[in-house]
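Inspection log for the structure reproduced underneath, given as structure tokens.
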Amino acid sequence: MDGAGLVTAARISAVRGRRVWDSRGNPTVEAEIRLASGVTGRAIAPAGASRGSREAHERRDGGMRLQGLDVKHALAGIRDTVDPALKGLDARDQEGVDAALIEADGTELRHRLGTNALVAVSMAVAHAAAAADGMPLWRHLLGETEAVLPLPEVQIFGGGAHAGRRIDIQDFMVMAPKAQRFAQALEWSAEVYHAAGKLLDARGLRAGVADEGGYWPAFRENCEALDVLIQAIETAGFTPGEEIVISLDVAASELRRNGRYRLELEGRELDSDALAELIGRWIETYPIASVEDPLAEDDDAGLKRFTEAYGEQVQIVGDDYLVTDAARVSAAAARGVCNAVLLKPNQRGTLTETRAAWETAKENRFGAIVSARSGETEDVSIVHLALGWGVPQLKVGSFSRSERMAKWNEGIRIEETIGDDARFAGARPLRGKYGSA
Ligand code: PGA
Ligand code: ZN
């Protein structure tokens, strides 16, 4: 086929949406793109539970049915607005397609079409474009650049909004920066995961499974989770701070009550400085290499002070604070707030915007982590995005539940496909004594 023929073949001929279900049993949007050549691409929108207030808006039906979470309006938007707007566009021009989506929505935070509709369509277009070139998405995005497998962040205990607030801190995670390969990092994390489960069982503290697959523990204090995690790392045969380091997502916006922070489990309320001090003490005491949202999204001054105090030692990740927004990343970098960004495509709505946040992070020497949401599906697009964009860290939840394992397993497949040339990010993205830079 000549050049013109190729372009014609990659033109979008139809955009369809359908309702499917996520890992919490809630409705979500799947989009399917058909190209003129007959090639298709498909993707499913995830959904968060501890969302930043500046995130793009999900279109949900409201009302009594399905807890108000149905997506009929989002699907109608795909049928009536997105399909006509995208028909005839070249699927390989992701920026052009995403610009058309943003224009069709016409609102700053995607109130009209909804980020759930937009992200599914945007990712499905990327898959269709890759399929048109006969490649998996990661390779299509990567081009001639060398592939680097990301460092996994694996949840062991889940709390906060994902586990009935049984512990206040949302994620207690591990990372294996000394592993040689992605697959080995997962194997080491699996050993820690199972060791932690056995320790909880032995103490009668296993209360269930949190939304992202981690154990839902019945601890009396938040730092008990850190003590048990250290024990689990040791029982699994590793040295904490060596092969395995700890990563926390405090998700502090969820703890905010009238300008203070409520630690429900411990029955106490802290001001910004006291919470920062508590986390600081944990950083001094335990091998913590990364802390996400240590203070709330509206506690700008607190986050700045926290970054000044600990930013050299640990990765400080903005999730609710940065909401995958390039402009917010660049403003935060200019002010010295946080030093890494969590990249969640549905926080903005399109891949182009998500990629812009990553490019801005790189320009400002910010770290970055591609992340799943607490409501997920079998969709593995984010693994391809991390690989294809060269983002050196990946967070998809725990080491159980198939919506999580599907993503880890996809990374294993990709690493095997690349073969001996596969490089692993390892400690490179981390800071201070846990980094290798
Ligand atoms: P969410 O939380 O997907 O429920 O918003 C994940 C996170 O805070 O990282
Ligand atoms: Zn978070």
Side-chain angles (χ1 to χ4, degrees), residues 22-26 28 44-58 60 67 69 109 115-116 119 152-175 209-214 216 246-256 261 279 288 290-299 303 306 314-325 328-329 332 338-349 354 357 367-377 379 381-382 386 391 393-398 401 403-404 407:
D22 75 13
S23 54
R24 281 190 278 248
N26 293 328
T28 188
I44 309 177
S50 82
R51 290 196 291 266
S53 61
R54 299 181 190 89
E55 284 190 26
H57 192 81
E58 281 182 339
R60 301 280 189 184
Q67 305 176 84
L69 296 176
L109 289 180
T115 185
N116 42 351
V119 80
E153 234 183 331
V154 181
Q155 186 196 57
I156 306 297
F157 303 127
H162 301 159
R165 300 186 198 280
R166 192 58 189 81
I167 45 175
D168 301 293
I169 308 304
Q170 185 179 281
D171 293 307
F172 292 86
M173 297 170 285
V174 293
M175 297 188 282
V209 177
D211 282 7
E212 295 189 11
W216 171 342
I246 294 175
S247 168
L248 301 179
D249 182 0
V250 180
S253 307
E254 296 285 323
L255 309 175
R256 197 84 154 145
Y261 294 93
I279 298 167
I288 294 171
S290 180
V291 183
E292 185 176 323
D293 288 342
L295 296 157
E297 60 183 356
D298 60 354
D299 190 356
L303 278 166
F306 190 86
V314 296
Q315 171 170 265
I316 301 171
V317 187
D319 170 16
D320 292 354
Y321 182 70
L322 296 173
V323 290
T324 316
D325 182 339
R328 289 188 64 79
V329 172
C338 299
N339 58 30
V341 58
L342 205 70
L343 300 170
K344 291 169 164 172
N346 76 332
Q347 279 184 330
R348 289 299 302 159
T354 309
I369 306 166
V370 168
S371 172
R373 303 303 306 241
S374 52
E376 273 291 340
T377 65
D379 187 285
S381 304
I382 56 165
V391 181
Q393 297 174 79
L394 179 65
K395 176 188 182 193
V396 312
S398 193
R401 297 181 55 138
E403 79 279 5
R404 312 290 150 187
K407 294 167 183 62

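Counting convention: from 1, in listed order, for ligands and their atoms alike.
In summary, no N, O or S atom of D293 is located under 2.8 Å from the Zn ion (ligand 2). Metal site remark for the Zn ion (ligand 2): D249 contributes an N, O or S atom at a distance under 2.8 Å. In summary, D171 places no N/O/S atom under 2.8 Å from the Zn ion (ligand 2), failing the contact criterion.
Judged purely by atom type and a 3.5 angstrom limit, T28 has no side-chain atom pairing as donor or acceptor with the backbone of D22. Here the side chain of R328 pairs no donor or acceptor atom with the backbone of D325 at under 3.5 angstrom. Counting only distance, with no hydrogens or angles, the side chain of D293 and the backbone of G318 share no donor-acceptor pair below 3.5 Å. Of the possible polar contacts, one joining the R401 side chain to the S23 backbone as a donor-acceptor pair under 3.5 Å is found.
Comparing K395, E376, R373, E55 by heavy-atom distance to atom 5 (O) of ligand 1, the nearest is R373. Of all the listed residues (S371, S374, A161), S374 holds the heavy atom that lies closest to atom 3 (O) of ligand 1.
Atom OE2 is the N, O or S atom of E292 at the shortest distance from the Zn ion (ligand 2). Considering just the N/O/S atoms of D319, the one nearest the Zn ion (ligand 2) carries the name OD2.
The CG atom of D320 sits 10.0 Å away from the CG atom of L303 when rounded to the nearest 0.5 Å. Taken to the nearest 0.5 Å, the NZ atom of K395 stands 5.0 Å off from the CG atom of L342. In this structure, the separation between OG on S253 and CG on L295 is 9.0 Å, given to the nearest 0.5 Å. Separation of atoms CG (D299) and OH (Y321) is listed at 9.5 Å; rounding is to 0.5 Å.
Those atoms of ligand 1 that come under 4.0 Å of a heavy atom in E212, given as number and element, are 6 (C). Of all the atoms in ligand 1, the ones that sit under 4.0 Å from a non-hydrogen atom of K344 are 2 (O), 5 (O), 6 (C), 7 (C), 8 (O), 9 (O). Near E292, the atoms of ligand 1 lying under 4.0 angstrom from a non-hydrogen atom of the residue are 9 (O). Taking a cut-off of under 4.0 Å to the non-hydrogen atoms of D319, the atoms of ligand 1 that pass are 7 (C), 8 (O), 9 (O). Close approach of ligand 1 to G48 is summarised as follows: ligand atoms under 4.0 Å from at least one heavy atom of the residue are 1 (P), 3 (O), 4 (O), 5 (O).
Just one residue in the list E153, E212, E376 forms a salt bridge (Lys or Arg N to Asp or Glu O under 4.0 Å) with K407, and that residue is E376.
Residue-level proximity to ligand 1 for A251 is absent, since no heavy atom of it falls below 4.0 angstrom. Using a 4.0 Å cut-off between heavy atoms, D249 contacts ligand 1 through its side chain alone, with no backbone atom that close.
Considering backbone and side-chain atoms alike, D171 places every N or O at 3.5 Å or more from each N or O of ligand 1. For ligand 1, one of its N or O atoms has an N or O atom of A49 under 3.5 Å away. Below 3.5 Å of separation, one finds an N or O of H162 facing an N or O of ligand 1.
Q170 and D249 are linked by a side-chain donor-acceptor pair at a separation below 3.5 angstrom, with hydrogens and angles left out of the test. Counting only N and O atoms by type, the side chains of D168 and Y261 include no donor and acceptor under 3.5 Å apart.
Summary of contacts: the protein heavy atom closest to atom 8 (O) of ligand 1 is Q170 NE2, 2.8 Å.
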